[in-house]
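A note on names: the letters A, B, ... follow the listed sequences, proteins ahead of strands, and every chain is numbered from 1. Just the heavy atoms: all of them, side chains too, but no hydrogens, waters or symmetry mates, feed the values below.
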Amino acid sequence: MRHVLPIAGPLDLELTLSCGQAFRWVRDGEAWTGVIGRSECRVSVAGERLAVTAAGGDPGSADLARYFRLEEDPAVHLEHAAELRGLPGLMPLLGLRLLRQDPWETLASFVCSAAANVRKISGCVEGMAAAWGVPIEGSPRRAFPGPDVLAGVSETALRRHGLGFRAPLLLATARRIAAGGWEWERLRRAPIEEARAALTDLPGVGPKIADCTLLFGLDRLDTYPVDRWIRRATLELAGRRHAKDEELERWSRRFGPGRGYLQQLLFHLRRTGGPLPALRSPRVRRVRAGAA
DNA sequence: TCCTCTCCTTGCTT
DNA sequence: AAAGCAAGGAGAG
């Protein structure tokens, strides 16, 4: 099945699919191939449109547009962050799009992200899919297994796919969710603190992984996951030497309800570039606490 | 209660 | 070759 879809605003597949939000996309020349739900998709940009060829079940044009957020110009997420438009190197990154991924796959992927790198996370996710996922007709790849499936495997089996110390954590989380009473749809709309609390109650899920799940899997752009890169970037922007992650998250709220998108841009910017300039003038910077 | 430190796997890099 | 590093979290003290 083939789809050709209109795109609102810029779309940079390289940035979008390799920036560390999704882990099952691989480059294939000018195109990219990945798994969305129960189908394998090969996508490429042709002029102002996105061309998608799907194997297995057809995702449908509506779900594809939704996945790639094609109806939204990413620039709208920066409406409340005008002060950052002058940040060197930021504007060329606006082809990066936050994907709307499956929340369970997002959660499981980021449980694997602790003390790992993108390559390692991809290996874990792809390994679990190959071992326990539903086959995709016309493709060697498989869908990502649901929590009910992972709940039935052994810790040892998970370790064979490189999960290491994360294996018992993901297993426990899969079992918790498979046991029932878990409502992803409720978390999409719940107050952000309530949604965070529900997620951080799961084994292997702290604030950072909870926020990534909300941002990448539950369409909650009003989150600002603080990892080691964002910690540095935000400290620099705020002109601070030290601050707790929670404090940095609060500071980020000045960037509005789309700050999750900004977080993703800053993650890429700080990782590929150097330190960021402070937004506040040094003259207004707070003096050290305790200075007499 | 809150903070800090350490450990936990793995594989690639220096 | 040994140490460092990579989208952190849990547990101890």
- Query: In Watson-Crick or G-U wobble terms, both distances under 3.5 Å, what is the partner of B/dT1?
  - Reply: none

- Message: If you count every heavy atom of other residues, nucleotides or ligands that lies below 6.0 Å from A/Arg188 atom CZ, does the total exceed 12?
- Response: yes

- Smallest separation among heavy atoms of A/Gln101 and A/Thr106, with atom names: CB-OG1, 3.5 Å

- Of A/Arg119 and A/Ala114, the one whose nearest nucleotide on DNA chain B sits closer to the 5' end is A/Ala114

- Integer angstrom distance from the P of C/dA7 to that of B/dT14: 14 Å

- Message: Could you check whether the side chain of A/Arg159 and the base of B/dT9 have a donor-acceptor pair of N or O atoms closer than 3.5 Å, going by distance alone?
- Response: no

- Item | Side-chain donor-acceptor pair present, A/Arg42, A/Thr53, cut-off under 3.5 Å | no

Expected rows: protein N/O vs nucleotides 10-13 of chain C N/O, under 3.5 Å:
| unit_1 | atom_1 | unit_2 | atom_2 | d |
| --- | --- | --- | --- | --- |
| C/dA10 | OP1 | A/Gly204 | N | 3.1 |

- Nearest-Å distance, CG (A/Leu214) to P (C/dA7)? 21 Å

- Atom CG of A/Asp245 and atom P of B/dC2 are separated, to the nearest Å, by 16 Å

- Taking CZ from A/Arg166 and P from B/dC8, how many angstroms apart are they, rounded to a whole number? 13 Å

- Task: Could you check how far NZ of A/Lys244 sits from P of B/dC2, rounded to whole Å?
- Result: 9 Å

Using distance only, find each side-chain donor-acceptor pair of residues 258-266 of chain A under 3.5 Å and give its atom names and separation, not counting sequence neighbours.
| unit_1 | atom_1 | unit_2 | atom_2 | d |
| --- | --- | --- | --- | --- |
| A/Arg259 | NH1 | A/Gly256 | O | 2.9 |
| A/Arg259 | NH2 | A/Asp222 | O | 3.1 |
| A/Tyr261 | OH | A/Leu94 | O | 3.4 |
| A/Tyr261 | OH | A/Leu96 | O | 2.8 |
| A/Gln263 | NE2 | A/Pro225 | O | 2.8 |
| A/Gln264 | NE2 | A/Cys19 | O | 3.3 |

- Task: Looking at every strand, decide which applies to A/Glu246 at a 4.0 Å heavy-atom threshold: base, sugar-phosphate, or nothing.
- Result: nothing

- Item | Pair A/Glu83 + A/Arg254, salt bridge at N-O below 4.0 Å | no

- Item | A/Ile209 or A/Asn117, whichever maps to the more 5' nucleotide of DNA chain C | A/Asn117

- Message: Return the pairing partner of C/dA10 with a 3.5 Å limit on both distances, Watson-Crick or G-U wobble; otherwise return none.
- Response: B/dT6

- Message: Any side-chain N or O of A/Arg271 below 4.0 angstrom from OP1/OP2 of C/dA7?
- Response: yes

- Item | Same-atom distance (P) from B/dC12 to C/dG9, integer angstrom | 25 Å

- Is a salt bridge present between A/Arg186 and A/Glu194, judged by a nitrogen-to-oxygen distance below 4.0 Å? yes

- Side-chain N or O of A/Lys120 less than 4.0 angstrom from OP1 or OP2 on C/dA7? no

- Query: Over how many whole Å does the gap from A/Arg232 atom CZ to C/dC5 atom P extend?
  - Reply: 10 Å

- Taking CG from A/Leu107 and C1' from C/dG8, how many angstroms apart are they, rounded to a whole number? 14 Å

- Do the charged groups of A/Asp219 and A/Arg69 touch, with an N to O distance under 4.0 Å? yes

- Message: Measure CD1/A/Ile121 against C1'/C/dC5 and give the value in whole Å, please.
- Response: 13 Å

- Message: Work out how far the P atom of C/dA3 is from that of B/dC7, and round it to whole angstrom.
- Response: 14 Å

- Message: Quick check, does A/Trp229 stack with C/dA7? I mean ring centres under 5.5 Å and planes off by under 30°.
- Response: no

- Query: Between A/Arg228 and C/dA6, is there a side-chain N or O to OP1/OP2 distance below 4.0 Å?
  - Reply: yes

- Note on the structure: Taken to the nearest whole Å, NE2/A/His242 to C1'/B/dC3 is 15 Å

- Message: Under a 4.0 Å threshold between the charged nitrogen and the carboxylate oxygen, would A/Glu246 count as salt-bridged to A/Lys208?
- Response: no

